[in-house]
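Right, one structure below, let's go through it.
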2 protein chains.
Amino acid sequence: MTEIRQPTPRRGTNLPRMGDFNLTVILEAIRRSTLGLSRVELAQIVGLSPQTISNISRRLLDQQLIVEAGKEGSGPGKPRTILRLNPAGMYAVGVHLDPAVITFVVLDLLGDVVRHSRMATPGGDPAGVITSIAGQIKVLIEESGVDESKIAGLGVAVPGPIDLDEGSVVEPPLLTRWNRVRIREALSEATGLETLVDKDVTSAAVAETWAGGASGAGSFVFMYMGTGIGCGIVLNDEVVRGTSGNAGEIGHIVVEPGGPLCDCGLHGCVKSSCIPQVLVAEAEAAGVLDGHREGADGPEVQERYAELCDKADAGDQKAIAILDKSATLVARAVSVVTNTLDVERVVFGGPFWARMSPYFMERVPALLDKNNAARMIHDLEVVGTGVGEDVGAIGAACLVLEHMLAPRAQRLLLEG
Amino acid sequence: MTEIRQPTPRRGTNLPRMGDFNLTVILEAIRRSTLGLSRVELAQIVGLSPQTISNISRRLLDQQLIVEAGKEGSGPGKPRTILRLNPAGMYAVGVHLDPAVITFVVLDLLGDVVRHSRMATPGGDPAGVITSIAGQIKVLIEESGVDESKIAGLGVAVPGPIDLDEGSVVEPPLLTRWNRVRIREALSEATGLETLVDKDVTSAAVAETWAGGASGAGSFVFMYMGTGIGCGIVLNDEVVRGTSGNAGEIGHIVVEPGGPLCDCGLHGCVKSSCIPQVLVAEAEAAGVLDGHREGADGPEVQERYAELCDKADAGDQKAIAILDKSATLVARAVSVVTNTLDVERVVFGGPFWARMSPYFMERVPALLDKNNAARMIHDLEVVGTGVGEDVGAIGAACLVLEHMLAPRAQRLLLEG
DNA sequence: CGAGGGGCATCAGTGACTGAGATCCGGCAG
DNA sequence: CTGCCGGATCTCAGTCACTGATGCCCCTCG
């Protein structure tokens with residue numbers, strides 16, 4: 001128990017901040033519409049006067065963030081000029097540093113992938129790895145052919161725990177030697193790009209808000225199904241990071257009575273009962289998968305997990321049982337989170353999601369509904385993300401877009 | 001799985017909203033300072049120019065929300081005029097509808113209780129109960145001697161689940177017959193006061209932000225230890241309510257492997273393992289408490305629980321063991337929440353807290369620290385609330401103050 | 001081909017914050 | 001006791017974002 005910190009009162013706001021904020025509000029409205037919006041529609045939606053909309057539209061057009069895209073005349077009168085996002089108005093680079101593989105993407109303003117690449121995570125010391133990453137980023141940008149002045153920055157998604165203030169990685173379980181490595185500073189210097197660092201699951205949630213379409217709006221939990229299982233949290237369109245950027249640690253929620261012993265001393269935590277590595281081991285023990293390969297790391301687990309899913313897809317009852325059980329267990333953990341936060345939606349995603357999706361979608365929605373404390377008041381949607389396997393890297397790039405262009409309340413406040 | 005809702009884009013902001021918001025920012029800064037602040041200090045803290053501070057101070061003085069309270073001259077130069085909250089500038093009425101007892105308070109602007117009263121919760125139909133409540137409110141206001149024009153409104157804290165949009169109570173487990181009762185409408189009509197309804201645990205968290213001093217700032221979880229156990233969540237000084245106002249349902253977090261069977265089908269949930277009723281039953285079974293009284297309702301449980309604590313205070317090892325175990329179990333649930341949200345503080349409170357506090361404060365901090373996923377990055381404070389047993393009712397009144405005077409981001413946005 | 005209607009731009013007008021300078025207030029040196 | 005000085009606060013324009021009124025523009029329809 002430490003001394004209570006001196007509270008930092010919320011700071012005021014002023015005219016320029018207000019203007020910038022309204023600009024982002026309008027941009028978000030355009031972004032969230034599939035087909036673009038006219039100025040009049042925007043005025044209705046955001047509640048500002050048409051004049052203000054016109055002025056801000058002009059600023060956005062000047063900045064080339066939006067373009068006028070044709071007219072739409074339904075009845076009499078002057079047809080509406082449709083405003084649409086200009087995909088080429090801004091780009092961002094995203095890197096996902098995973099214990100097994102590093103993924104790189106260049107994203108345009110729409111959140112579409114312009115170019116991507118991967119490399120196996122080198123095992124050397126962090127400094128060397130960071131140099132490799134910086135090199136690969138340069139190559140990727142060149143290959144993409146994107147005007148460098150249009151690149152707003154670099155986002156980096158890393159496994160937790162992290163220190164958001166420092167921009168550092170703090171001893172993640174599967175990345176030995178990465179002890180308090182200030183990756184933000186290092187990559188910022190090496191690439192010359194404005195750099196943001198965040199946790200992988202948080203990045204995935206941001207990806208959903210930016211590139212995920214309708215399911216990325218409002219309040220939701222993004223369940224990231226990777227080598228580990230974590231969640232990203234978005235409440236009222238704003239991502240929740242927590243005091244130090246470590247929100248979303250759900251590995252020690254107990255989901256399986258009498259399950260395997262976890263390093264925390266309890267049995268049947270998410271971390272010890274439903275992560276892919278455990279399921280693979282279980283399948284090996286049950287004879288569903290042949291051979292026992294110990295010390296399986298990232299890519300190997302993914303392969304073996306795919307084998308397990310293949311068997312299940314082919315009708316192997318034991319394989320199906322393992323996947324079904326994992327769905328049940330994960331649903332219990334999700335219920336804990338959704339009941340704590342009363343969100344309106346759960347979005348599943350991550351590198352393992354595509355293969356497990358049929359088994360999960362069949363069971364999870366009903367289980368969540370059954371355990372939903374607010375069942376009488378509202379439904380709880382369950383959807384799979386539209387953002388694919390690279391959600392970590394895409395989310396990393398979205399961190400940059402979100403930071404620059406999302407209407408966060410924080411943007412209004414004077415900094416101190 | 002339902003159709004995805006049409007996203008409701010964030011609405012813009014304008015000049016008057018900005019002015020109102022800055023007013024609340026300044027008020028909050030003054031409120032959070034113990035001894036009052038001068039205009040110059042305010043300018044530094046909130047980041048606005050001294051002129052703006054002066055203008056807003058004048059508005060606040062005109063509204064009698066603050067007063068000039070003496071001068072403070074340390075060196076040469078004109079001494080600073082200290083601005084302080086005017087306790088009599090605004091009042092709010094709070095009601096906590098608990099299954100066992102209804103508590104009423106009148107609060108001043110500082111969050112201090114001006115007057116309070118209680119009544120046993122009548123068993124009749126809701127309409128009758130609501131009439132009684134309205135009557136008691138009238139009496140309380142008269143007795144308090146407060147100028148009615150200074151009463152900003154009425155806050156009502158109720159057990160969940162609730163429907164925030166409707167302002168209704170939706171079938172709480174211990175209040176039979178309260179099925180979708182629109183208590184907000186009913187009490188608003190009956191009393192003529194602006195009325196807000198919220199969940200008891202959320203109200204308790206709001207009480208902490210308003211009347212709890214330093215521990216009510218920043219991001220924290222308020223653990224409400226009542227007949228049931230729930231939590232209120234505050235992130236970055238703003239309370240989290242969830243889609244329908246039902247955030248904070250943690251009753252089904254599994255904390256005791258092989259514990260008692262819960263109605264959800266699992267064993268050892270918070271709800272089935274650590275609520276007072278269960279502990280009392282356990283104590284009876286272990287012979288710590290004599291006699292077995294079944295169907296114990298609210299007040300009786302509290303009495304019996306107090307007896308259990310008396311025994312423990314007197315050194316009864318079995319009683320101590322029961323309380324210690326409950327602390328361990330609750331700590332597990334708290335860890336789940338704090339790791340999910342990465343808050344900086346846990347605040348314990350509620351009607352049962354005072355008695356359990358020594359047993360909890362001895363064990364919980366260490367247990368939380370051990371399980372803190374962000375342990376390497378920051379500490380997790382554990383404190384008991386300064387707001388006493390009436391935290392529910394006080395929080396209810398604070399809902400009104402918070403709604404009118406807290407610098408919520410929501411205040412900036414145009415409504416639609 | 002003209003009327004009509006809706007979209008959008010222009011032009012002041014309002015109001016909140018800002019910067020410079022004036023004013024006020026108390027302590028301190030002479 | 002008096003004048004000087006430093007700091008806090010106020011006065012007075014100035015800037016800028018949003019708003020309301022007005023008018024131009026462009027398309028459809030009769």
Side-chain angles (χ1 to χ4, degrees), chain A residues 11-27 29-30 36-62 66-84 407 411-415, chain B residues 11-27 30 36-62 66-83 407 411-415:
Chain A
R11 302 180 77 84
T13 187
N14 60 14
L15 235 33
R17 305 237 153 215
M18 187 171 90
D20 287 352
F21 178 81
N22 280 344
L23 184 136
T24 63
V25 169
I26 291 179
L27 196 68
I30 296 176
L37 290 170
S38 69
R39 291 173 176 78
V40 216
E41 290 169 314
L42 279 168
Q44 282 183 356
I45 293 173
V46 306
L48 294 165
S49 68
Q51 297 72 4
T52 302
I53 303 292
S54 267
N55 294 338
I56 295 182
S57 302
R58 197 170 310 125
R59 281 175 63 191
L60 287 168
L61 286 165
D62 287 348
I66 61 173
V67 287
E68 297 195 334
K71 317 236 167 191
E72 182 189 81
S74 49
K78 178 172 172 176
R80 305 171 164 190
T81 315
I82 300 299
L83 301 174
R84 209 170 294 174
R411 179 182 304 281
L412 278 160
L413 308 184
L414 300 158
E415 62 259 354
Chain B
R11 303 180 78 85
T13 186
N14 60 13
L15 235 33
R17 304 234 154 218
M18 187 171 90
D20 288 351
F21 178 81
N22 280 344
L23 184 134
T24 63
V25 169
I26 291 179
L27 197 67
I30 296 176
L37 290 170
S38 68
R39 291 173 175 78
V40 217
E41 289 168 315
L42 279 168
Q44 281 182 357
I45 293 173
V46 307
L48 293 166
S49 68
Q51 298 70 3
T52 302
I53 303 291
S54 265
N55 294 338
I56 295 183
S57 302
R58 198 168 310 126
R59 281 175 63 192
L60 287 168
L61 287 165
D62 287 347
I66 61 173
V67 287
E68 297 195 335
K71 318 233 166 196
E72 181 188 81
S74 49
K78 178 172 173 177
R80 305 172 165 189
T81 315
I82 300 299
L83 302 174
R411 180 182 303 281
L412 279 159
L413 308 184
L414 299 154
E415 64 259 354

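As the structure is a prediction and not an experimental result, all values here were calculated from the model. Proteins come first, then strands; the chains are lettered A, B, ... in the order of their sequence lines, and each starts at number 1.
As a whole-Å value, the separation of Lys71(A) NZ from dC25(D) P is 13 Å. Atom C1' of nucleotide dC8(C) and atom CD1 of Ile82(A) are separated by 13 Å, given to the nearest angstrom. One atom, CG of Leu83(A), and another, P of dG7(C), lie 13 Å apart when rounded to the nearest Å. To the nearest angstrom, P of dT9(D) lies 11 Å from CG of Leu37(B). Going from atom CZ of Arg17(B) over to atom C1' of dC18(D) covers 13 Å, rounded to whole Å. Between Gln44(A) atom CD and dC8(C) atom C1' there is a gap of 15 Å when expressed in whole angstrom units. Regarding Glu41(A), its CD atom lies at a distance of 9 Å from the P atom of dG7(C), rounded to whole Å.
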### Query
Taking protein heavy atoms under 4.0 Å as touching, what does nucleotides 15-21 of chain C look like 5' to 3' if B marks base contact, S marks sugar-phosphate-only contact and - marks none?
BBSBBB-

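Regarding contacts with the backbone of dT9(D), a side-chain N or O of Thr81(B) is found under 4.0 angstrom from either OP1 or OP2. Put simply, Arg80(A) has a side-chain N or O that comes within less than 4.0 Å of OP1 or OP2 on dG7(C).
Residues that satisfy the side-chain hydrogen bond (donor to acceptor under 3.5 Å, both in side chains) test with Ser38(B), not counting sequence neighbours, are Glu41(B). Not counting sequence neighbours, the partners of Ser49(A) by the side-chain hydrogen bond (donor to acceptor under 3.5 Å, both in side chains) test are Gln51(A), Thr52(A). Applying the salt bridge (charged side-chain N to carboxylate O under 4.0 Å, His left out) rule to Arg411(A) yields no partners; only residues at least two apart in sequence or on another chain are considered. With sequence neighbours left out, Arg39(B) forms a side-chain hydrogen bond (donor to acceptor under 3.5 Å, both in side chains) with Glu68(B). Applying the side-chain contact (heavy atoms from CB on, under 4.5 Å) criterion to Leu413(A), with sequence neighbours excluded, gives Arg10(A), Gln410(A), Phe21(B). Residues that satisfy the side-chain hydrogen bond (donor to acceptor under 3.5 Å, both in side chains) test with Arg17(A), not counting sequence neighbours, are Glu415(A).
Within the structure, salt bridge (charged side-chain N to carboxylate O under 4.0 Å, His left out) pairs that include any residue of residues 50-61 of chain A comprise Asp20(A)-Arg59(A) (at least two apart or interchain).
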What does the list of N/O pairs under 3.5 Å between the protein and nucleotides 4-6 of chain D look like, with a distance for each?
from: dG6(D); atom 1: N2; to: Gly77(B); atom 2: N; distance (Å): 3.3
from: dG6(D); atom 1: N2; to: Lys78(B); atom 2: N; distance (Å): 2.6
from: dG6(D); atom 1: N3; to: Gly77(B); atom 2: N; distance (Å): 3.4

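Taking CG from Asn55(A) and CG from Asn22(A), the interatomic distance works out to 11.0 Å, rounded to the nearest 0.5 Å. Taking CE from Met18(A) and CG from Asn14(B), the interatomic distance works out to 6.5 Å, rounded to the nearest 0.5 Å.
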